[in-house]
Amino acid sequence: MSLASNSSPLISSETAKQHASRDSCWIIVHGSVYDVTDFLDEHPGGSQIILKYAGQDATEAYEPIHPPDAITTNLPKNKHLGPVDPDTIVAIAKEVTEEEKRRQALLAARPPLDEIINLHDFEVESELPCPSAKGWAYYSSASDDEITIRENRLAFQRVWFRPRVLRNVAKVDWSTTILGQKSSLPVYISATALGKLGHPDGELNLTRAAGKHGVIQMIATLASCSFDEIVDAGVPGQPFFVQLYVNRDREITKRYVQHAEKRGVKGLFITVDAPQLGRREKDMRLKLIGEESGAKVQEGQKDVPKDQGVARAISAFIDPSLCWDDIPWFLSITKIPIILKGISTAEDALLAYDSGVHGIVLSNHGGRQLDTARSGLEILIEVTDALKKRGATRQFDIFVDGGVRRASDVLKALALGAKAVGVGRAFLYAYCAYGQPGVEKAIQIFRDELEMNMRLLGVTTLDELRPEMVDARALNVHTGSIAEDNLFRGTYQPLSLAKFRDA
Ligand code: PPY
């Protein structure tokens, strides 16, 4: 029986404070007291961070990086000690830091949403007022030298259109179906984790905007909001995909997948490019700064590497032994279509096809895993060629993600054989800066750009897109030996982004 039933006696915060050591460590989360002493060494983020809040209310630190039910599901019931007595909580007057004041001023000075005219604008608007500097470092970081994250954008620029003219383009329709689900755009919202580091409502901003505008959201295993919270926030019948990090404990994974199936999820995207998390140096540096300025080194604790950044700290559960032999098991535990997310070569695309999964995402994880891995767009050509040579006939969808910021990017990927593209960061930045209306605006920008680009390309539906409509001959040319046109560069005035008002 749970000790934390309604009849549990209230625990005073004074009592909780007595348990502030490694030998007896209690914390308060969402008004309930938990004994986490035995859990300290199991905490994926290390014991140090818990010990920092020993005997105190840890809710504020806990919230952005854990789904609300993480503590109740991971901790045995006899460690749920009961509700804290609200009368004993002494309100701590929080000092408003200079950083917080600056952030508030920037938020107040943001350009109005109708001055945001492209997806790059959101990136600028979300950087400065991002609620936590750690959040911004975590979201924006990519691995090593961040070559791949930049290449993801550059690859689109190496593909040129071959537009057709004098076709009747009075009516254009950019809707499609993705894994059998209607979608108002050939774009789905790709999974990004820890949404509450960027906005108090986290991923629910995406859910509400997606439901309103007929776009499909992929729910991240490591979302800040729980899976059920997100699904519950959808409108009736709203389709969702789910992204899966495979747990070392396959029973946990099985339960998660089968629960997703029960809740009607329409696509299971298994991440296959992250047996270990990439070294994201922006994230790592910021973590170091945080440690220096805050955390006390606790006696006797197990060493947690201090330089690993937010993501690495909470990724220990991901199973690096995941391999092709596991695919039949996944196919046996669910009827949800399975998509392998993070394929980077034709060889692996063929293995995926032969394994019986329903599709693949050509992706380098937003440049966050193997640096100097190629862009999804570039891989697309070798994959479609290889599947054609194999005589692939069964339904097998190919998706691309990474660097998509324009409808022209989307149309290039579709012309080269993608069924749809994933967009992660751009939607995330949209809600960091403007909440749900930001995401709606991002969707609107895609719509406007799709309408214009389809007309100018000479297509009225997405089915009419063909490889002949693009010239992709330069796509796999990676030489850096192109002479800079310095005079041109010196005279060219870069377009400007929306501006902050005087803060
Ligand atoms: C990423 O950061 O790239 C992710 O895919 C999410 C994540 C977040 C925290 C730990 C592991 C992975």
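Atoms within each ligand, like the ligands themselves, are counted from 1 in listed order. These values consider heavy atoms only, across backbone and side chains, with no hydrogens, waters or symmetry-generated copies.
- In the vicinity of Leu222, heavy-atom distances shorter than 4.0 Å reach the ligand 1 atoms 7 (C), 8 (C), 9 (C), 10 (C), 11 (C), 12 (C).
- Of the possible donor and acceptor atoms, one in the side chain of Thr148 sits under 3.5 Å from a partner among the backbone N and O of Thr372.
- Each of the following atoms of ligand 1 lies closer than 4.0 Å to a heavy atom of Ala193: 6 (C), 8 (C).
- Side chain to side chain, Asp228 and Ser226 fail the donor-acceptor criterion of an N or O pair below 3.5 Å.
- Among Leu277, Leu194, Thr221, Thr192, the residue whose heavy atom lies closest to atom 11 (C) of ligand 1 is Leu277.
- For Gln243, the closest heavy-atom approach to ligand 1 does not fall below 4.0 Å.
- Contacts between Gln369 and ligand 1 below 4.0 angstrom, taking non-hydrogen atoms only, are absent altogether.
- Those atoms of ligand 1 with a heavy atom of Arg368 less than 4.0 angstrom away are 1 (C), 2 (O), 3 (O).
- With hydrogens and angles ignored, the 3.5 Å screen pairs no side-chain donor or acceptor of Tyr434 with any backbone N or O of Leu113.
- Figure legend: cation-pi geometry between Arg110 and Phe122 absent, as NZ or CZ is not positioned both under 6.0 Å from the six-membered ring centre and within 45° of its axis.
- Judged by distance alone, the side chains of Thr345 and Glu382 never bring a donor and an acceptor atom under 3.5 Å apart.
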- Message: Between Phe399 and Tyr188, does the ring-ring contact (aromatic ring centres under 6.0 Å, His included) criterion hold? Intermediate values first, please.
- Response: CA-CA 10 Å; Phe399 304 100; Tyr188 59 84; 5.7 Å; yes
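- With ligand atoms numbered from 1 in the order given, ligand 1 contributes 10 (C), 11 (C) to contacts under 4.0 Å with heavy atoms of Ser315.
- Set against the non-hydrogen atoms of Arg280, the atoms of ligand 1 under 4.0 Å away are 1 (C), 2 (O), 3 (O).
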